[in-house]
Amino acid sequence: MKQLLIFILAISVASCGIFKSKDNNEPPAELAKLDNALDIKTLWNTNLSNDDELYSKLIPAYQTGVLFVATTEGEVFAFDVETGKRQWKTKTKKPLSGGVGLGDGQIFVGSRDGDVLALSEENGTVLWQVKVSSEVLTPPQIASDTLIVRTVDGKIFALAHDSGTRLWVYERDMPLLTLHGTSTPIVKQDFVLAGLDNGKLAALDVATGKLFWEVPIAIPKGRSQLERMVDIDADPILDGDTVFVSSYQGRTVAIDMTAVRIAWEREVSSHTGMATDLDALYLSDLKGHVWAFDRYTGSSLWRQEGLQARKLTAPVSMDDYVVVGDLEGYLHWIRKSDGQVAARYRIGGKDHFNVAPIVVDEKLIAYNSDGKLAVLRIEE
């Protein structure tokens, strides 16, 4: 009964405009006229069958020249990233919502019905499938022989990567009201880092699921359940000995992993995500502003406010720019040096981006909610 109530409330919150609303109180900022400073070329594109209004994380994945993409209609594709030639296609007959994970010659996807599937990276053959407790909204992650799966009811499952056999389950009590989403766990050698719906970052033993430590990223405040929501839905980033974490209605922090202490913090929130490079942390906040912070001190470098209320994806770092997608299908290239928008490009149609683009070998791979997949490059 509690899980049902959480689900109903989460859907209610989504319909009220946290994700997408026909009755949005704040209209998206109009885009100023822009003369592109970059020559952006489409190398290839294709249309896949997709109908994603619930903002799942069907993030494409790349491995050795091959791009793997899943759709909400249950199809999984492998494309040659240079030419766009399809290498194989598999129909899983599952409503896919989380993927694609990669590891040990396999790709992994999850469904709205709680299915986890492993497919052959070589030909797309389904190797195994198992059930977990609820919807899977993020790509399953592999470490050694263990597959880590996060479910929307707050559980973290460890499965044997070669069979799907359940090894352990970690769970904490869920808040009464949560966003309809989860962050992707980070899996490194002997530990798992997971952002939880209660606003904490947890470190688990990958072999046993035992809790090593928890760090509160946000403390619930306010009287109503809506005001007290502090989900960590933005994917944490582990970069060297530092993990960067941001929560909804909370803060963004850098945690020194060697001492398990907060190195710096800022009262800026995100539920979409972040990106890093050698100098900075980039973040799309709840208002649709894009920030750059000094990655070592947390001091502000710049803030781009011209995309307010455009429901931005997480930024992705690409050469001298960060790129974000928006609710009308535009991609925006923002200069790292000063935060100014240098270029704008639409891959086709007006459908929003659920997930940030990815960068592969100086190519930008963008995938929108309607199934438009495009591989782009900046021409010199």
Side-chain angles (χ1 to χ4, degrees), residues 7 45-81 84-142 145-153 155-167 169 180-182 184-185 187 351 353-355 358 365-373:
F7 176 77
N45 60 56
T46 188
N47 290 305
L48 307 179
S49 178
N50 219 29
D51 182 16
D52 196 356
E53 295 299 321
L54 288 178
Y55 287 68
S56 55
K57 288 186 177 178
L58 287 173
I59 305 169
Y62 172 80
Q63 179 81 10
T64 320
V66 182
L67 182 66
F68 302 96
V69 187
T71 75
T72 58
E73 306 303 307
E75 298 172 326
V76 184
F77 297 85
F79 296 100
D80 184 296
V81 76
K85 181 180 179 181
R86 192 176 80 192
Q87 297 191 349
W88 53 257
K89 170 185 174 181
T90 296
K91 295 182 178 180
T92 67
K93 300 182 180 179
K94 304 291 184 181
L96 299 181
S97 54
V100 177
L102 285 174
D104 198 28
Q106 300 173 85
I107 65 174
F108 304 96
V109 291
S111 83
R112 298 203 185 281
D113 298 331
D115 305 286
V116 179
L117 297 88
L119 288 74
S120 165
E121 185 180 305
E122 181 179 1
N123 57 29
T125 300
V126 176
L127 303 174
W128 55 259
Q129 64 181 65
V130 298
K131 281 280 190 182
V132 288
S133 59
S134 65
E135 185 176 13
V136 178
L137 287 178
T138 56
Q141 302 293 301
I142 191 170
D145 58 355
T146 304
L147 184 70
I148 301 297
V149 180
R150 177 74 188 275
T151 54
V152 77
D153 61 357
K155 296 183 176 67
I156 299 170
F157 289 81
L159 309 176
H161 85 286
D162 57 351
S163 64
T165 301
R166 185 177 300 183
L167 304 177
V169 181
H180 186 67
T182 56
T184 305
V187 183
D351 293 283
F353 287 98
N354 287 350
V355 297
I358 64 172
I365 299 167
Y367 183 41
N368 74 14
S369 63
D370 195 43
K372 183 82 170 183
L373 175 70

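Predicted, not measured: the structure shown is a model, and the values here were computed from it. Start at 1 with the first residue, then count along the sequence.
Nearest heavy-atom pair across Ile148 and Ala158 is CD1-CB, 3.9 Å. The two residues Leu159 and Gly164 make their nearest non-hydrogen contact at CD2-O, 3.6 Å. Scanning both residues, Lys131 and Asp113, for their nearest heavy atoms gives NZ-O, 3.0 Å. Scanning all heavy atoms of the two residues, the minimum distance from Ser120 to Trp88 falls at O-CZ2, 3.6 Å. Residues Gly99 and Pro140 share a closest heavy-atom pair of CA-CD, 4.3 Å.
Side chains of Phe77 and Thr46 form no contact here, defined as non-hydrogen atoms less than 4.5 Å apart. No side-chain heavy atom of Arg150 sits under 4.5 Å from any side-chain heavy atom of Thr184. You'll find the side chain of Leu102 reaches within 4.5 Å of the side chain of Glu121, heavy atoms only. Counting heavy atoms from C-beta outward, Val187 and Ile142 have side chains that stay 4.5 Å or more apart. Counting only heavy atoms from C-beta outward, the side chains of Lys91 and Val76 never approach each other to under 4.5 Å. Annotation: side chain of Asp351 is not in contact with side chain of Lys372 (no heavy-atom distance under 4.5 Å).
A donor-acceptor pair under 3.5 Å links the side-chain atoms of Trp128 to the main chain of His161, judged by distance alone. A distance-only check finds no donor-acceptor pair linking the side chain of Asp104 to the backbone of Gln106 [under 3.5 Å]. Panel note: side chain Ser97, backbone Val136; a donor-acceptor pair is recorded below 3.5 Å. A donor-acceptor contact shorter than 3.5 Å links the side chain of Lys57 to the backbone of Thr182. A donor-acceptor pair is defined here as one N or O able to donate and one able to accept, closer than 3.5 Å; no such pair exists between the side chain of Gln87 and the backbone of Lys85. At least one donor-acceptor pair closer than 3.5 Å links the side chain of Tyr367 to the backbone N or O of Ala70. Distance alone, capped at 3.5 Å, is enough to place a donor-acceptor pair between the Ser134 side chain and the Asp153 backbone. Distance alone, capped at 3.5 Å, is enough to place a donor-acceptor pair between the Thr90 side chain and the Gly124 backbone. Remark: side-chain polar atoms of Ser111 are not paired, donor with acceptor, to backbone N or O of Pro95 under 3.5 angstrom.
Partner Val109 forms a side chain to side chain contact (heavy atoms under 4.5 Å, CB included) with one of Val100, Asp115, Val116, Leu58 and no other, that one being Val100.
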message: Thr72 vs Asn354, test: side-chain contact (heavy atoms from CB on, under 4.5 Å). Steps then yes/no.
response: CA-CA 12 Å; Thr72 58; Asn354 287 350; over 6 Å; no

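Distance CG/Leu373 to CZ/Phe79: 6.0 Å, rounded to 0.5 Å.
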